[in-house]
Amino acid sequence: GLLKQAIRIRSKFKIKANQAKVYEYLGVVYLLCDRFKAAEQSFQESIKMFREVQSPLDLARIDIFRSLVFLGCNDFAKAGQLLSGIGSLTANTFEDGLYNYANAIYQIETNLTDCKTTLVNAERIFRRLPSLFWLAKVHKLKAKFYELVGNYEKSILSLQASYHLFTRLR
């Protein structure tokens, strides 16, 4: 649709950074639709172009999104590899929040020990930015975390918070 048309138009202007962004957006759309193979392909195209323009922050963000792809496919080894390879991020940025969100998913599936701290960090960052969509996703993940640790009241409250945020986005 529109994103593929944007790629065609931007490729005519030979502006790699803009074209890479469109591939990133397309990858995120596929990721959110659980079309993981298509998401990974779009992210790979984006990586090629971001490498050409030497954009380390964009490359880090793409790797975080890719970790979400692998987490969606239950490939925790690849997701863990990508997450551990992310360098230092500027505190309280979108990338930092996204990293904490992805890391929390990874921790829920592999080791709950530090998960609550990671979730709180992601929530704090997305609340400050603000990024309501990702904040709602964090609350949904918190509901899963609280259910796993047996705190059903907090789980329900987190689900309600997630629902209210998602409905505000309409």
**Student:** Count the heavy atoms of every other residue, nucleotide or ligand shown that sit under 6.0 Å from OH of Tyr163, and state whether that count exceeds 12.
**Tutor:**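 Counting other residues, nucleotides and ligands, OH of Tyr163 stays at 12 neighbours or fewer.
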**Student:** According to a hydrophobic-cluster definition based on side-chain heavy atoms being under 4.5 Å apart (Ile, Leu, Val, Met, Phe, Trp, Tyr only), do Leu98 and Leu57 belong together?
**Tutor:**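 Both belong to a single hydrophobic cluster.
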**Student:** Is there side-chain contact between Tyr106 and Ser67, with at least one heavy-atom pair below 4.5 Å?
**Tutor:**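 They are not in side-chain contact.
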**Student:** Can you measure from CG (Leu135) to CZ (Arg168) and round to the nearest 0.5 angstrom?
**Tutor:**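 Output value for this atom pair is 9.0 Å.
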**Student:** Rounded to the nearest 0.5 Å, what separates atom NZ in Lys140 from atom CG in Leu159?
**Tutor:**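 Interatomic distance, Lys140 NZ to Leu159 CG, rounded to 0.5 Å: 8.5 Å.
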**Student:** May I ask you to decide if Ala136's main-chain N or O and Ser162's side chain share a donor-acceptor pair within less than 3.5 Å?
**Tutor:**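 Such a contact is found between Ser162 side chain and Ala136 backbone.
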**Student:** Using a 4.5 Å cut-off on heavy atoms from C-beta on, say whether the side chain of Phe50 contacts that of Lys21.
**Tutor:**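 The answer is yes, as the side chains (C-beta and beyond) meet within the 4.5 Å cut-off.
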**Student:** Would a 4.5 Å heavy-atom cut-off, applied to side chains only, mark Glu109 and Asn74 as touching?
**Tutor:**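 When only atoms from C-beta onward are counted, Asn74 and Glu109 do not touch, as no gap falls below 4.5 Å.
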**Student:** I'd like to know whether Val138 forms a side chain to side chain contact (heavy atoms under 4.5 Å, CB included) with Asn100, so could you lay out the CA-CA distance, the side-chain angles of the two residues, the decisive distance to 0.1 Å, and finally the verdict.
**Tutor:** CA-CA 9 Å; Val138 169; Asn100 278 283; over 6 Å; no
**Student:** For the residue pair Phe94 and Phe65, does the interplanar ring angle fall in the parallel (under 30°), tilted (30 to 60°) or perpendicular (over 60°) class?
**Tutor:**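 Tilted, since the angle between the ring planes falls between 30° and 60°.
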**Student:** Can you tell me how far apart CZ (Arg61) and OG (Ser55) are? Round to the nearest 0.5 Å.
**Tutor:**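 That separation rounds to 7.0 Å.
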**Student:** My understanding is that only one of Asp75, Leu31, Leu71, Leu68 makes a side chain to side chain contact (heavy atoms under 4.5 Å, CB included) with Phe36; could you say which?
**Tutor:**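 When Asp75, Leu31, Leu71, Leu68 are each tested with Phe36, the side chain to side chain contact (heavy atoms under 4.5 Å, CB included) holds only for Leu31.
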**Student:** Looking at every non-hydrogen atom in both residues, tell me the closest pair between Leu89 and Ala60 and how far apart they are.
**Tutor:**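 It is CD2-CB, 4.1 Å.
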**Student:** Between the side chains of Glu40 and Gln44, is a donor N or O closer than 3.5 angstrom to an acceptor N or O?
**Tutor:**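 Per modelled atom types, Glu40 and Gln44 side chains form a pair under 3.5 Å.
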**Student:** Would you say the side chain of Gln107 lies within less than 4.5 Å of the side chain of Leu112, judging by non-hydrogen atoms?
**Tutor:**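 No, side chains not in contact.
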**Student:** Hey, could you give me the OH/CG distance between Tyr101 and Asp96, rounded to the nearest 0.5 Å?
**Tutor:**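 That separation rounds to 15.5 Å.
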**Student:** Taking atom CD of Glu24 and atom CG of Leu59, what is their separation to the nearest 0.5 Å?
**Tutor:**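 It is 10.0 Å, given to the nearest 0.5 Å.
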**Student:** Indicate if Leu148 and Leu157 have the same hydrophobic cluster label, given that clusters are the connected sets of ILVMFWY residues with side-chain heavy-atom separations under 4.5 angstrom.
**Tutor:**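 No; tracing contacts between hydrophobic side chains, which count when under 4.5 Å, never links both residues.
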**Student:** Where the side chain of Ser42 meets the backbone of Ala38, is there a donor-acceptor pair that is under 3.5 Å apart?
**Tutor:**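 A pair under 3.5 Å: yes.
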**Student:** Taking the side chain as every heavy atom from C-beta outward, state whether Leu132 and Phe166 have any atom pair closer than 4.5 Å.
**Tutor:**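 Leu132 does not reach Phe166 side chain to side chain.
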**Student:** What are the two closest non-hydrogen atoms of Ala104 and Leu119, and how far apart are they?
**Tutor:**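 Closest pair (atom of Ala104, atom of Leu119, distance): CB-CD2, 3.7 Å.
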**Student:** Kindly give the heavy-atom pair with the smallest separation between Ser158 and Ala143, and that separation in Å.
**Tutor:**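 Where Ser158 meets Ala143 most closely, the heavy atoms are CB-N, 3.6 Å.
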**Student:** Kindly indicate whether the side chain of Ile64, heavy atoms from C-beta on, has any atom under 4.5 Å from the side chain of Leu82.
**Tutor:**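 They are not in contact (no side-chain heavy atoms under 4.5 Å apart), so the answer is no.
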**Student:** State, with a plain yes or no, whether a side-chain heavy atom of Tyr99 is found less than 4.5 Å away from one of Thr93.
**Tutor:**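 Not touching, per the 4.5 Å side-chain cut-off.
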**Student:** Leu129 and Asn92: which non-hydrogen atoms are nearest, and at how many Å?
**Tutor:**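 What the structure gives for the nearest pair is CD2-O, 3.7 Å.
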**Student:** Using side chain to side chain contact (heavy atoms under 4.5 Å, CB included), reason through Tyr146 and Leu141 one step at a time and then give a plain yes or no.
**Tutor:** CA-CA 9 Å; Tyr146 285 127; Leu141 189 59; over 6 Å; no
**Student:** Considering all heavy atoms of both residues, which atom of Phe43 and which atom of Val28 are nearest to each other, and what is their separation?
**Tutor:**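 Here Phe43 and Val28 meet closest at CZ-N, 3.5 Å.
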**Student:** Looking only at heavy atoms, which two atoms of Ala39 and Gly27 are closest? And how far apart?
**Tutor:**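 Looks like CB-O, 3.5 Å.
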**Student:** Is the number of heavy atoms from other residues, nucleotides or ligands under 6.0 Å of Arg124 CZ greater than 12?
**Tutor:**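 Count over threshold, so yes.
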**Student:** Under a 4.5 Å side-chain heavy-atom rule over Ile, Leu, Val, Met, Phe, Trp and Tyr, are Leu165 and Val120 clustered together?
**Tutor:**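 Not linked; separate clusters.
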**Student:** Just verifying a value: how many Å separate Phe126 CZ and Lys137 NZ, rounded to the nearest 0.5 Å?
**Tutor:**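 Reported to 0.5 Å precision, the distance equals 10.5 Å.
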**Student:** Kindly work out whether a path of hydrophobic side-chain contacts (I/L/V/M/F/W/Y, heavy atoms less than 4.5 Å apart) joins Ile108 to Val149.
**Tutor:**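 Yes, Ile108 connects to Val149 through the hydrophobic network.
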